[in-house]
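In what follows, a single structure is set out as structure tokens and then discussed.
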2 protein chains.
Amino acid sequence: MESNIDNVRAQMRKGMLEYCILCILAKREAYASAIIDELKAANLIVVEGTLYPLLIRQKNQGLLTYRWEESTQGPPRKYYCITDKGREQLGDMDTAWQEMETAINTLRG
Amino acid sequence: MESNIDNVRAQMRKGMLEYCILCILAKREAYASAIIDELKAANLIVVEGTLYPLLIRQKNQGLLTYRWEESTQGPPRKYYCITDKGREQLGDMDTAWQEMETAINTLRG
DNA sequence: TTTAGTACCTTGTATTGCATAGTATTAAAA
DNA sequence: TTTTAATACTATGCAATACAAGGTACTAAA
């Protein structure tokens, strides 16, 4: 049986990963593995099979673009960067996040 | 077409309502309509069809109990109150929430 | 006795998030 | 030359949420 808190975390995380991706790419462009590393550094464990569909979806929504860059350590890397539309969406997400923080503080206080 | 921020809010909210219910009931027992009112006061709009199944599930998980109380303004009310197990779960959820806050601050900072 | 207000509950469904598992490509290392 | 490590990508499907819509039942007032 799965521990309860794991499920709680999983549920809370839903809808947050897209926000996290935009947060990362708002600071600098990055390729998938680097994004995964940064998420891991923030204690959010994400695997490739989770991240790629998200990146593709955000790219298709016009929130991201990408460019190829050669690497001496394997195949070319796909560097994603945020678009103007992506920054706009990120602003909306900041707002939503702050509202959620406010709501929790109101209820918990 | 639905506005983007509404969708963002909806996604972020997923998984948060159970936490919010426990937050409310940790302060005082309440019946469904009162819970909806308090959620609304925190800018979280929830309808009955959403709340009732959640309350029933949390009751079945042993997180809540309830007692009936007569009302002079209509049918009896079902007052829910949080159990010890519910407070334990609430503690886990507080932890998960704080971890999420930390993660976002790390990524956004 | 009908109507309005309050309260509780159920069912079905759209959405969709994301995990699992597997494939393909490149270059360096053995 | 073969293996390994790093990277990119796809397909499939489970699990879970929250909402919409509809139903039941009790009380009091018109």
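Both backbone and side-chain heavy atoms feed into the values below; hydrogens, waters and symmetry mates do not. Keep in mind that this is a model prediction, so the values were computed, not measured. Letters A, B, ... mirror the listed sequences (proteins, then strands); counts begin at 1.
- Overall bending of the helix from C/dT1-D/dA30 to C/dA30-D/dT1, expressed as the angle between end axes built from five pairs apiece, is 10° (10° steps).
- In this model, the phosphate group of D/dA15 is not approached by any side-chain N or O of A/Asn7 to a distance below 4.0 Å at OP1 or OP2.
- For B/Thr83 (side chain) and B/Leu63 (main-chain N/O), a donor-acceptor pair under 3.5 Å exists by modelled atom type.
- Rounded to the nearest 0.5 angstrom, B/Lys14 NZ and A/Met12 CE are separated by 15.0 Å.
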Kindly give the atom pairs (protein nitrogen or oxygen, nucleotide nitrogen or oxygen) under 3.5 Å for nucleotides 3-7 of chain C.
| residue | atom | partner | partner atom | Å |
| --- | --- | --- | --- | --- |
| C/dA7 | OP1 | B/Tyr31 | OH | 2.8 |
| C/dA7 | OP1 | B/Arg77 | NE | 2.9 |
| C/dA7 | OP1 | B/Arg77 | NH2 | 2.9 |
| C/dA7 | OP2 | B/Ser33 | OG | 3.4 |

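- A/Gln58 places a side-chain N or O within 3.5 Å of a backbone atom of A/Glu18 that can act as its donor or acceptor partner.
- Note on B/Arg87 versus B/Asp84: no salt bridge recorded, every NZ/NE/NH1/NH2 to OD/OE distance being 4.0 Å or above.
- Other residues, nucleotides and ligands place more than 12 heavy atoms under 6.0 Å from the NZ atom of B/Lys27.
- A/Leu64 contributes atom CG, which lies 6.5 Å from atom CG of A/Leu55 (distance to the nearest 0.5 angstrom).
- Taking every heavy atom of residues 11-27 of chain A and every atom of DNA chain C, pairs under 4.0 Å involve A/Arg13, A/Lys14, A/Gly15, A/Leu17, A/Glu18, by number.
- In terms of phosphate contacts, B/Arg57 brings a side-chain nitrogen or oxygen within less than 4.0 Å of OP1 or OP2 of D/dT17.
- Here the OH atom belonging to A/Tyr19 is positioned 5.5 Å from the CZ atom belonging to B/Arg108, to the nearest 0.5 angstrom.
- Among the atoms of the strands shown, base atoms are found under 4.0 Å from some heavy atom of A/Val47.
- Heavy atoms of A/Tyr80 sit under 4.0 angstrom from primed sugar atoms or phosphate atoms, though from no base atom.
- Summarising the geometry, the separation between CD1 on A/Ile36 and P on C/dC18 is reported as 14 Å, rounded to the nearest angstrom.
- Counting only heavy atoms from C-beta outward, the side chains of A/Tyr80 and A/Glu29 never approach each other to under 4.5 Å.
- Separating the CD atom in A/Glu88 from the CG atom in A/Leu22 is a distance of 12.0 Å, to the nearest 0.5 Å.
- At a threshold of 4.0 angstrom between heavy atoms, the contacts of B/Leu55 with the nucleic acid are absent.
- Between B/Tyr79 and B/Tyr31, the gap from one ring centroid to the other is short of 6.0 Å.
- The distance from the CG atom of A/Leu17 to the CG atom of A/Leu51 is 8.5 Å, given to the nearest 0.5 Å.
- Residue whose closest nucleotide on DNA chain C sits further toward the 5' end, between A/Thr50 and A/Glu70: A/Thr50.
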